Amino acid sequence: MGAESNSLAESSAALGTHPSFWSKVQQRLQLSSADAVRRSNADLDPVPPHRRTWHTYNYVMYWISDNFSPSGFRNAASLMEVGLSWRDSLICVIIGQFITGIVIVLNGVVGSRYHINFSVQARASFGYYFSYLMITMRMVVGIFWYGINAYTGGECVRSILYAIWPSFRHVKNTLPASAHIDTQFMTAYVIYFIIVLPIHWIPMHRLKWLFVIKSITTPIVGFAIMGWVIHTVGVSHTSLWTQKTTLHGSTLAWTFLNGLYANIGSWSTLAVNVPDFTRYAANDKAAFITAFVLPATGALVTFFGVVVAAGSDILYGTIFWDPLLLIDQWTSRGGRAAAFFCAFFFLISQIGVNIAANSVSAANDLNCLFPRYVNIRRGQLIVAVLGSWALTPWNILQSAPSFISFMAGYAIWLGPIAGILLSDFYFVHKQKYDVWELYNSHGIYRYNKWGTNWRAFVAFFIGWVPLLPGFIPTVNSSIKMSAGVSHLYDLGYFYGFGSAMLSYYLLCKFWPANETMLDRAVLPDSDLLHSQNAALVDEGIEAALGDTVVEVKREKN
């Protein structure tokens with residue numbers, strides 16, 4: 001147990017009393033690595049050198065695996081349904097993912113250089129305690145999307161069961177209609193949960209193999225399904241390629257921008273918390289490949305989805321935007337074998353997406369909020385239970401479309417957060433943080449007695465408040481707003497990100513927090529020098545570590 005638990009036991013023994021039941025429970029639950037003074041633990045601390053195992057090719061595999069999933073196939077669905085051609089939809093996805101790829105790369109540098117996660121990074125710009133609001137907002141959206149993606153994982157398992165046991169299609173439903181889920185799907189969902197739960201126990205720095213498997217198998221499945229559709233329909237079949245845009249003029253332009261905003265919004269969470277993954281990078285530049293891989297893979301998987309949807313319309317008279325619905329139609333002996341392998345690899349893909357995009361990030365947030373009791377492993381298990389069962393995603397998907405719209409519009413808050421993070425790191429603090437001060441609740445990043453950087457507070461509200469009127473009709477269609485308000489919302493991420501970034505920079509320029517400005521960065525590896533060069537450190541002498549020169553600062557006892 002931690003030092004605090006030991007002292008509690010020693011105090012009780014000295015007084016001749018026995019610890020209470022609650023004290024025993026606390027001692028049992030408290031992490032052995034918890035540091036009560038710094039409110040941290042081993043998972044919240046900067047990643048040590050031996051766990052920085054992610055190289056450039058690992059990030060290539062990561063982003064390929066993140067895009068190649070059943071949800072990736074659906075990228076173009078909403079765009080084509082509102083009137084864009086498959087070509088315009090493809091261009092929209094490429095531009096959206098290129099923009100978010102740039103933001104992800106820029107914000108990821110914080111993680112790869114300081115080896116900290118988003119929860120700790122946010123303290124530098126928002127202040128020690130105000131950052132907790134940003135962390136909580138990110139955690140809520142992560143748990144929500146975990147549940148939605150778990151539902152898709154259940155669909156993968158159901159397709160596997162259809163392929164192995166055709167009779168499973170005819171299992172009698174014993175659940176009431178009010179449950180919004182049938183016996184078939186509940187069975188598949190429980191199996192999915194049992195499969196995925198142990199994977200949450202694997203440390204993030206060792207999870208590279210999952211993304212490697214995903215990045216190899218899922219593209220093969222995508223090419224196979226697309227190849228089968230083209231072969232069956234015929235490559236010369238004009239219906240596959242002739243769908244045109246039905247919109248014109250300003251309507252086309254604003255619809256395109258709205259689609260662009262939607263695609264950027266789907267990646268806005270990762271743009272904020274990408275340090276959760278880049279903190280494991282072997283070097284500063286390992287994750288730069290994201291700017292190319294993300295739009296390239298997004299374009300490819302979207303093209304797969306377009307071909308599959310158009311082909312299914314020709315073959316079955318119904319558009320299947322979900323590849324799982326297509327493979328469920330393969331009922332012959334050979335068809336079921338192919339469906340099994342496709343669904344199995346889609347299952348691996350979906351597990352990887354949910355862990356990478358939602359589980360680990362929300363667990364990091366819980367880790368920061370409750371560092372004495374929650375590490376990443378425990379946090380992932382909590383997220384799995386809350387997202388999979390407490391939220392009952394089948395009810396959300398069946399009966400709450402307005403809530404889905406609310407969560408999809410979450411980018412109006414995440415855009416300003418990303419803008420402030422980048423403005424603070426690149427323009428205000430010039431990439432110079434003191435990593436150990438970020439763990440000091442009374443340090444330079446507290447800003448004031450409330451632990452709030454008022455500059456970030458103001459910039460955050462400037463970034464999202466003007467977008468709120470345009471956001472409201474997406475949740476409640478009975479409320480109408482002017483075209484100008486709606487158009488501003490269509491530009492939501494650009495406005496929120498840009499206005500928050502600029503206003504934060506200007507506020508810091510005219511009212512700087514001088515106590516946070518450093519001449520040199522204090523990097524996490526400096527702690528290796530504390531024990532080896534104590535005398536030099538106390539005298540404030542700089543020490544070189546590899547190719548990076550760091551200033552090691554330490555107060556004398």
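These numbers were taken from a predicted model, which means no experiment stands behind them. The figures here come from the full heavy-atom set of this structure, side chains too, leaving out hydrogens, waters and symmetry mates.
- The number of heavy atoms from other shown groups lying within 6.0 Å of CZ (F494) is above 12.
- Side-chain contact annotation: T297 with N67, donor-acceptor N/O pair under 3.5 Å present.
- The ring of W413 has its center closer than 6.0 angstrom to the ring center of F471.
- Side-chain contact check for N149 versus Q350: some heavy-atom pair is nearer than 4.5 Å.
- Residues H200 and Y146 place their aromatic rings such that the two centres sit under 6.0 Å apart.
- Nearest heavy-atom pair, D43 versus R279, reported as atom, atom and distance to 0.1 Å: O-NH2, 3.1 Å.
- Under the 4.5 Å side-chain criterion, counting only non-hydrogen atoms from C-beta, Q431 is in contact with R113.
- In this structure, the side chain of N258 does not engage the main chain of D490 through any donor-acceptor pair within 3.5 Å.
- Contact between L210 and G352 at its shortest, heavy atoms only, is CD2-CA, 3.9 Å.
- Between S112 and A281, the shortest heavy-atom contact is CB-CB, 3.9 Å.
- Side chains of N117 and N364: a donor-acceptor N/O pair is present below 3.5 angstrom, by distance only.
- Heavy atoms only, all atoms of each residue included: L90 and F303 are closest at CD1-N, 3.9 Å.
- Using modelled atom types and a 3.5 Å distance limit, the side chains of N263 and Q97 yield no donor-acceptor pair.
- When the shell of 6.0 Å around CZ of F98 is examined, it contains 12 or fewer heavy atoms from other residues, nucleotides or ligands.
- Shortest non-hydrogen contact noted between S159 and A343 is CB-CB, 3.7 Å.
- Checked against a 6.0 Å centroid threshold, the rings of W54 and Y59 count as neighbours.
- Checked by atom type, the side-chain pair S119/D365 shows a donor-acceptor distance below 3.5 Å.
- Between W86 and V307, every side-chain heavy-atom pair lies at or beyond the 4.5 Å cut-off.
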Using the side chain to side chain donor-acceptor pair (under 3.5 Å) rule, take N453 and Y504 through it: C-alpha gap first, then chi angles, then the decisive distance, then the call.
CA-CA 10 Å; N453 182 3; Y504 179 78; 3.2 Å; yes
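- Contact check on D525 versus R52 returns a salt bridge, with a Lys/Arg side-chain nitrogen under 4.0 Å from an Asp/Glu carboxylate oxygen.
- S312 places a side-chain N or O within donor-acceptor distance of the main-chain N or O of A309, the cut-off being under 3.5 Å.
- A donor atom on one side chain and an acceptor atom on the other are not found under 3.5 Å apart for N273 and Q121.
- A distance below 6.0 Å separates the ring centres of F73 and F346.
- Heavy-atom minimum distance, I417 versus F460: CG1-CE1, 3.7 Å.
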